[in-house]
Amino acid sequence: MNYIPHTPQDQQKMLEAAGLKTPADLFGYLPEEVKLGRDLDLAPGLTEHDLFRHLEGLARKNVLATRGSFLGAGAYHHYSPAVVDTVISRSEFLTAYTPYQPEVSQGTLQAIFEFQTMICELTGMDAANASVYDGSNATVESVLMALNTTNKPRVLISRGVHPHTREVLKTYLAAHDVHLDDVALGEDGRTKLGDVPEDTAAVLLQNPNFLGVIEDVTALTEKAHGAGALSIVSVQDPVSLALLKSPGACGADIAAGEAAPLGLPPSYGGPYVGFMACKKQFLRRLPGRLAGMTVDSSGKRVFCLTLQAREQHIRREKAASNICTNQGLCALAVTAYLALVGPQGLREAALTCLSLAEAFKKKLPAGYKLLFKSPTFHEVAVECPVDPVELNKKLAERGILGGYPLGADYPEFKNGMVFCFTEVNGAAELDNLLGDLKALVPAAAAAQEGARG
Amino acid sequence: MNYIPHTPQDQQKMLEAAGLKTPADLFGYLPEEVKLGRDLDLAPGLTEHDLFRHLEGLARKNVLATRGSFLGAGAYHHYSPAVVDTVISRSEFLTAYTPYQPEVSQGTLQAIFEFQTMICELTGMDAANASVYDGSNATVESVLMALNTTNKPRVLISRGVHPHTREVLKTYLAAHDVHLDDVALGEDGRTKLGDVPEDTAAVLLQNPNFLGVIEDVTALTEKAHGAGALSIVSVQDPVSLALLKSPGACGADIAAGEAAPLGLPPSYGGPYVGFMACKKQFLRRLPGRLAGMTVDSSGKRVFCLTLQAREQHIRREKAASNICTNQGLCALAVTAYLALVGPQGLREAALTCLSLAEAFKKKLPAGYKLLFKSPTFHEVAVECPVDPVELNKKLAERGILGGYPLGADYPEFKNGMVFCFTEVNGAAELDNLLGDLKALVPAAAAAQEGARG
Amino acid sequence: MDRLEPTLFEKSSPGRRGCTPPTGGVALVDPKAVLGDLVREEPPALPELGELQVLRHFMRLSQLNFSIDTNFYPLGSCTMKYNPRVNEQTARLAGFARLHPMQPVEAVQGALELMYDLQNDLQEITGMDGFTLQPAAGAHGEFTALLMAAAYFRDKGEKRTKVVVPDSSHGTNPASAALAGFEVVTIPTNPVGDVDLEQLKAVLNEEVACLMLTNPSTLGLFEQQIVEVARLVHDVGGLLYYDGANMNALLGVARPGDMGFDLVHLNLHKTMSTPHGGGGPGAGPVGARGALVDYLPGPRAGKTRDGFEFYQPSKSIGRVRMFWGNFLVLVRAYTYIRYHGPDGLRQVAEGAVMAANYVRMKVKEYFDMPYDRLCMHEFVLSAKTMKEKKGVRAMDVAKRLLDYGFHAPTVYFPLCVEEALMIEPTETEALETLDAFAEALVKIAHEDVGLVTSAPHNTPVGRADEARAARKPVLRWEEGAQ
Amino acid sequence: MDRLEPTLFEKSSPGRRGCTPPTGGVALVDPKAVLGDLVREEPPALPELGELQVLRHFMRLSQLNFSIDTNFYPLGSCTMKYNPRVNEQTARLAGFARLHPMQPVEAVQGALELMYDLQNDLQEITGMDGFTLQPAAGAHGEFTALLMAAAYFRDKGEKRTKVVVPDSSHGTNPASAALAGFEVVTIPTNPVGDVDLEQLKAVLNEEVACLMLTNPSTLGLFEQQIVEVARLVHDVGGLLYYDGANMNALLGVARPGDMGFDLVHLNLHKTMSTPHGGGGPGAGPVGARGALVDYLPGPRAGKTRDGFEFYQPSKSIGRVRMFWGNFLVLVRAYTYIRYHGPDGLRQVAEGAVMAANYVRMKVKEYFDMPYDRLCMHEFVLSAKTMKEKKGVRAMDVAKRLLDYGFHAPTVYFPLCVEEALMIEPTETEALETLDAFAEALVKIAHEDVGLVTSAPHNTPVGRADEARAARKPVLRWEEGAQ
Ligand SMILES: Cc1ncc(COP(=O)(O)O)c(C=O)c1O
Ligand SMILES: Cc1ncc(COP(=O)(O)O)c(C=O)c1O
């Protein structure tokens, strides 16, 4: 128990001060029926060495691709420079609480302010918050903002939004009197928005969407606005924003999503970091922490948490949201990452993603077909000649982590699979994939395709 | 080139200030015949991502034992708690220079002072320096101290001293008019010191010696002193000092050796950290940095480098030693390690080592014989029934890193091998080794042995 | 000297960069040709700095922060205990950190085993029957559990619209209840700091879905009538919800399940030592008893004959987040639990309660002590008299503590205590530190009023003008912003 | 507030501990029974602290330090450039960090490949024919090379007893020469900062084994007569030794081998960016040309058809350390070289020289500039006039710079310059930082004398009483030591 520095003498001194004799006396007055009265039934404690070995053993039971991973589906592996981990390992960032005392928290506060600024820059929005739990929660919170702002009962949700996010939305709104209408995708893989009813609070898109296709955000936003609805754009990989017209530039009202691709490792899905940004007029509806600029008693420029009247610790049941702890350290990683890559580096990463995906499309082996012709960023939906789940098993044997099989979420694309390409893959891994895909086509399918092509 | 923040405009500005146009102008005046005039013939630069993968690839070509390592021979793997790496990764320790400016180096200086104190405690000596390059250099520097102190021309060197250290001693003293006499080991594996000539500056021992045997330091020291020679004890694993009578308590004059086992990973042999400690009267002969306690201008207790008149930057060719850069950060790791384990933890680690070695001796499979009956700490010399190098190859196939074959350094022990046991092995790994050793005995040898035993 | 650091944007210089992403030998396309008018015209105005400049920027910013690693941090309700460094190492193992969340189950058996074991450990620690690891923080867990309660009553055909909370409850409790669609009913605390039983009885009826309780309460007090409270709530068919933010006091000593709680959340970023990171990330797993287990969000980690799997509870309310949880936070918490074992966890609780009572005894005569009894892991002082007599407020005391190198306690919470100072020392502080902190508090109680009300004096910056920040919010950097 | 931290010993409390080593399930023996009277009676009086207490101690100590990561560090001759963080990651790869130095060669092929490639890279960078990676620092390298020279002449049957060094040479040069058994002859610097050729000629004869030269010299100047110097030395049969501490100025621009040097050492902890760690570790590989290659310490990394191996040079002087070198430092240096490639390394030199000249031009009129010409990667100012006129010494200027948040330059070195201030900005600092530093220097030149001579004022502690420290040395903590 090296974390507890109390020696027996220390314990004695502390107990005596409270007029007690033994540690058990500290709990003597608890009702007998709630006292545990036995040891917890847990594995015995381990020394640090044995503990580390144990965890190493568990980690080793997980399989990492050796010849390339082409799995995206909401979690994107970009290169994160070594400095990012140095920054988030720094004691004063890692082991500080939410910056309630600005006098001894300027480091955290200024970093949040910088994060907010960079998210605004990326999304083309006016204001951003300090983070929420993840991309799905950011998206859902945006929908709640729209519902509260417009006081209308309907939300149109593109089927191009990540299936997990759509599920979370349903979970969250189960208790509310709200209609969640799915909007189908067209032949081109883009959201096919019909008439928007007047009682619509918001139209929710994801860009690029879950099938990899880039949406016509401007057109969809205009349609939403036409019906007095807000346009919300969810972004699962903000690296795309280096190349794609920003939600703000497309006229959207709220941009939200996942910032984890900006500097965090895949981490088996968490902790990630949801970001939210909006146009000026919705600023006071943003949930979560906001850092603002001000001055201190001597007139120095300083930062502090602000507009706290929106928050739970002040407003309790009337707060804009219940969020308290957010994903601070992950947002710090994002801030460090963006500062390191800068506009140039982010663009290069994005361009490599795009170029790899385009190269993949061009070299797609016979037997495989593109599901859509529309422009894509770094994910490409493909119709496979065999069951994608089975295909992935074969790829796994060759050290490759395949794409995301669509069948479970999109029954209409039973043999569909979305492959993802990022700058960490490189041309060599793309070749590995293409070679294996080709080798794994049943002869019949390839021949058939060859004859057709 | 993300390490160089000069933009083209910055370059222009800097060059102009110096009245120059292009970077090449900075070197324009160099004699033509020394200008390279071409690119260096090196592999092209890599991005950080490709670089890391490249290094990962090299690291993977090295083989780590999966079922236990029993190799010691001067490099001992003890458990180093996670906090040690946190401390030495701290920017303000990692990227500071030697603490020349005490006003902005109290962190480093106080840590050195603490290191010196703990080395004194371990060795039972009065003063210690801030570190030298490694165990061999510490030992050699001790011999130089003795030569300078006594002005005598002879050093008696036990054959129990690490072969590398003995070799370094020869290299260093090649230029000096000094006799380096080997002292043989007896049947019991201990240094068999005959008469000590009166012209002897020092008797050098290692404890425990390279064959694992614990020397009778007190007796040997008395003999040395009898002839007016100094007694120098080299220690390759100071964890042993938790259980063994300290060199100081045995009457030795100088204790020196390797502190790396106190908190550093095996690191393929470096960077390690040599320590040196001595009795008060030799203090001013210590090479290298010394941190001392003093006060600052306001009377506060502070630390600074002291007795610098011994050093090269003041005394140049008359300095006590040429050392400048030492192994500061490694000494910091040692300081953190010792602070963490404390007297209790160090003793427990040492006791586990001893106990494992004793268990090994008891359970040694038929066919193997102990080379010596003398007490040992954590290394045990064994006579193997087969060529130890071949035996190690077979063990390696089973994921075990075997012991150190003695044949090359001690031809008299052709089939000798020294096995090492530390607390990171544990009983399970010991069983792995015993099982495999047994399985790898040629049937004939085992039978023969069984018949004899 | 001005110790403050310019923003990244002020340090930016066109053409600098701190990272070059890999190019991977791929021929680059012309984005305009591929994307047409979907292409972005203006690059985002991100700052441009070299690698050292970025690193140094953040190192210098960090120097402006207090943290557990550098300062005693007795921030009540936040359990700012030591965040073990080995947890940081295990969370960085490649087999965890590089694992993709959508990998097929056969490739993530280690992760599933860890999650499965952690679920079981948390069940045992709380006395619950099942856990979800999805919620990302305490508030997220509260909301999750309330959605479960709502679904549970919906299935039972009961229309229950109310959630009851004590006035000492944390702000997230009523906020979560409201977000989950409930009406919030607040009840007062009685004179000894427990729930006012009569008031509770008065509001309990068939419309009440849930009573949310923190035990020990945010007053740092064990709710002595807990068995009675549970009976009362259950008698009207309601559920009892355990806000586990204060579970540190009871590890291995008493379990919410044994007290009659039906739903709990734990704050792993408090009790289980995962670092707060200047605001997060956390993890707020939710546990349930009996029939409620079926309502847990899915997928959950399960075990079959062949290994580990994900499965969906039969009446699951569905996901509350993408993927599976704040996994690397879970790795840290798991590491922490396995380090301690049953014995160690009980010692954690004992140590925390011992330390809090020790500090309480040392300082109580110098402040108001609204509820003066044996406390659990924290206690609440009041500066009411001090304010009335000298004009020194809780906030002033808090700021002055910063000058002594101690982080401030939580102030003005719980709301039911005037001028509250909420002090939680945790079990990981040495006696000498507790002594020094208590001495500082006592000293401040006697210090010159002006010195205290104008504090802090030794911090990198003085008190921030928060009114100004809120009046005309500047939430992002812009040329000429200040 | 006193920002200083008590020592570990003052914080110790019996029974505390910060680490429990693994016990591994082995039955413990009674040491007395096994070891008899070899056993230690009194345990070493190591401090006893909990894990957080130890961590916090070192975090607080660290806060008292300046460092590259937090401050500009223009310490002349030390090349305090950015220490890339990726190097720290590669050096921590398990396949390197956990590798045992005595593993058989077939199990360490990756390590050998790295060492072999590094040897080749260093050869190409310096124009040498072979390298040893054993030496642990610059001084160690110097000594190694001088032993090689001694052995070389011994084999040739020549008795050469002298080593010549310029008066600007680093203290390790003469110290190493003396340690290697040579007599040291010092020659002066000429008025433009180069070697005084006449004086050199005067001392050169058949007794001279070696001339040790730093080029650029410690005055930051390129030795313009280098070709002539080399000829003169070689004409008397002597060897030319290159102290590579200043190689940063010449990477990819000029090579000691092409200048006529026979032996070189490099300071990888300067030129190749491996961190100084508050004093070390470093690495001082030695390169040799022609016949001298055979004298390199062994074993060296070599390559065969089947892979990589160790081999002993035919006339090797033998080992100069245990094992193979400061391996993890070598990993960092190798990482650094592979990052840059040929282009990058040349840019390093250009950037370093550019930055030094820029700062030089900005400050030179405010100080004495003994050798006023285009400099290399560093330059030397003198406060001679300042001292004479105002009583402000180089040390005062250095201390006052600390107040501005800059580390002090190297002072009083080289010895041939009175009141020397040696400034090396390196290539990794932004122009704005160079500007701010130059402005501070200029400002200090005009500041109130008392302010400067009593500096520093903003540092954790004031000037240390070094005389007192040396008079009655207290080198270890003892109860009542102070
Ligand atoms: C008593 C109590 N309940 C709930 C919470 C909310 O937890 P979180 O911040 O993780 O959302 C907190 C933490 O601030 C708390 O102290
Ligand atoms: C010019 C010069 N030569 C030699 C050395 C000695 O190098 P080291 O400190 O690595 O022994 C130094 C470094 O201080 C130096 O600056």
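Chain identifiers are assigned alphabetically (A, B, ...) following the order of the sequence lines, protein sequences preceding nucleic acid strands; residue numbering begins at 1 within each chain. Only heavy atoms go into these numbers, but all of them, side chains included; no hydrogens, no water, no symmetry mates.
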Asks: Where on A:His78 is there a heavy atom nearer than 4.5 Å to chain C: the side chain, the backbone, both, or neither?
Replies: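 For A:His78, there is no contact with chain C at all, as no heavy atom is under 4.5 Å.
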Asks: State the CD-CG distance between C:Gln103 and A:Asn62, to the nearest 0.5 angstrom.
Replies: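 It is 7.5 Å, given to the nearest 0.5 Å.
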Asks: Just checking, any donor-acceptor pair under 3.5 angstrom between side chains of C:Arg92 and A:Ser89?
Replies: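 The criterion, which ignores hydrogens and geometry beyond distance, is satisfied for A:Ser89 and C:Arg92.
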Asks: Contact part of C:Gln347 toward chain A, heavy-atom cut-off under 4.5 Å: side chain, backbone, both or neither?
Replies: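 Both backbone and side chain.
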Asks: Return the orientation label for the C:Trp324 and A:His164 ring planes: parallel under 30°, perpendicular over 60°, tilted otherwise.
Replies: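 Aromatic pair C:Trp324/A:His164 classed perpendicular.
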Asks: Does any backbone or side-chain atom of C:Arg346 lie under 4.5 Å from a heavy atom of chain A? Answer side chain, backbone, both or neither.
Replies: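 The answer is the side chain of C:Arg346.
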Asks: Which bit of C:Pro47 comes within less than 4.5 Å of chain A, counting heavy atoms only: side chain, backbone, both or neither?
Replies: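 Contact with chain A: backbone and side chain both.
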Asks: Which distance, rounded to the nearest 0.5 Å, do you find between the OH of A:Tyr272 and the CZ of C:Phe323?
Replies: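 Answer for the OH-CZ pair, A:Tyr272 versus C:Phe323, is 5.5 Å.
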Asks: Would the A:Phe27 and C:Phe222 ring centres measure less than 6.0 Å apart?
Replies: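 No: the rings miss the under 6.0 Å criterion.
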Asks: Quick check on C:Phe66 against chain A: is it the side chain, the backbone, both or neither that has a heavy atom closer than 4.5 Å?
Replies: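 C:Phe66 touches chain A through backbone and side-chain heavy atoms alike.
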Asks: Heavy-atom cut-off 4.5 Å, strictly under: side chain, backbone, both or neither for A:Tyr79 against chain C?
Replies: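 For A:Tyr79, the contact with chain C is made by the side chain alone.
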Asks: Taking atom CE of C:Met259 and atom CD of A:Glu33, what is their separation to the nearest 0.5 Å?
Replies: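 Rounded to the nearest 0.5 Å, the CE-CD separation comes out at 11.0 Å.
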Asks: Give, as side chain, backbone, both or neither, the part of A:Asn392 having an atom under 4.5 angstrom from any heavy atom of chain C.
Replies: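 No part of A:Asn392 comes within 4.5 Å of chain C.
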Asks: Contact part of C:Asp465 toward chain A, heavy-atom cut-off under 4.5 Å: side chain, backbone, both or neither?
Replies: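 Both backbone and side chain.
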Asks: Based on non-hydrogen pairs under 4.5 Å, which of C:Gly138, C:Gly110, C:Ala398, C:Gly341 is most in contact with chain A?
Replies: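 Of the options given, most contacts go to C:Gly110.
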Asks: Tell me, side chain or backbone of A:Ser131 under 4.5 Å from chain C's heavy atoms, or both, or neither?
Replies: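 Answer is neither: A:Ser131 stays 4.5 Å or more from chain C.
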Asks: Could you report the tightest heavy-atom contact between C:Pro281 and A:Thr325, atom names first, then the distance?
Replies: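 Closest approach of C:Pro281 to A:Thr325, heavy atoms only: C-CG2, 4.4 Å.
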Asks: Given that the side chain runs from C-beta out, which part of A:Ala242 has a heavy atom under 4.5 Å from chain C: side chain, backbone, both or neither?
Replies: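 For A:Ala242, backbone heavy atoms alone lie under 4.5 Å from chain C.
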Asks: How long is the span from the NZ atom in C:Lys81 to the CD1 atom in A:Ile4, to the nearest 0.5 Å?
Replies: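 Nearest 0.5 Å value for the NZ-CD1 distance: 8.0 Å.
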Asks: With a 4.5 angstrom heavy-atom cut-off, could you sort out which part of C:Pro104 is near chain A: side chain, backbone, both or neither?
Replies: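 When you check distances to chain A, only side chain atoms of C:Pro104 fall under 4.5 Å.
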Asks: Is C:Val54 close to chain A through its backbone or its side chain, or both, or neither, when contacts mean heavy atoms under 4.5 Å?
Replies: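 Contact with chain A is through the side chain of C:Val54 alone.
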Asks: Heavy-atom distances under 4.5 Å only: say whether C:Val329 touches chain A with side chain, backbone, both or neither.
Replies: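 Contact with chain A involves both backbone and side-chain atoms of C:Val329.
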Asks: So what's closer than 4.5 Å to chain A heavy atoms on C:Arg16: side chain, backbone, both or neither?
Replies: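 Contact with chain A is absent: no heavy atom of C:Arg16 under 4.5 Å.
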Asks: I'd like to verify something: which residue of C:Ala408, C:Gly282, C:Pro275 has the highest number of heavy-atom pairs under 4.5 Å with chain A?
Replies: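 Most pairs with chain A among the choices: C:Pro275.
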Asks: NE2 of C:His140 to CG of A:Asn137: how many Å apart, nearest 0.5 Å?
Replies: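 Going from the NE2 atom of C:His140 to the CG atom of A:Asn137 covers 4.0 Å.
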Asks: Does any backbone or side-chain atom of C:Leu75 lie under 4.5 Å from a heavy atom of chain A? Answer side chain, backbone, both or neither.
Replies: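 Interface part for C:Leu75: side chain.
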Asks: Tell me, for C:Thr70 versus chain A, whether the close heavy atoms (under 4.5 Å) come from the side chain, the backbone, both or neither.
Replies: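 Answer is side chain: those atoms of C:Thr70 sit under 4.5 Å from chain A.
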Asks: Can you tell me which portion of C:Ala27 sits under 4.5 Å from chain A's heavy atoms? Options are side chain, backbone, both or neither.
Replies: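 Backbone only.
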Asks: Please classify the contact between C:Leu328 and chain A as side chain, backbone, both or neither, with a heavy-atom cut-off of under 4.5 Å.
Replies: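 Both parts, backbone and side chain.
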Asks: Quick one: pull up CG in C:Leu46 and OG1 in A:Thr117 and give me the separation to the nearest 0.5 Å.
Replies: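 Here the rounded value is 10.5 Å.
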Asks: Minimum heavy-atom separation for A:Pro102 and C:Lys399, please, with both atom names.
Replies: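 Minimum heavy-atom contact is CD-NZ, 4.1 Å.
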Asks: Mind listing the closest non-hydrogen atom pair of C:Val29 and A:Glu358 along with its distance?
Replies: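 That would be CG1-CB, 4.1 Å.
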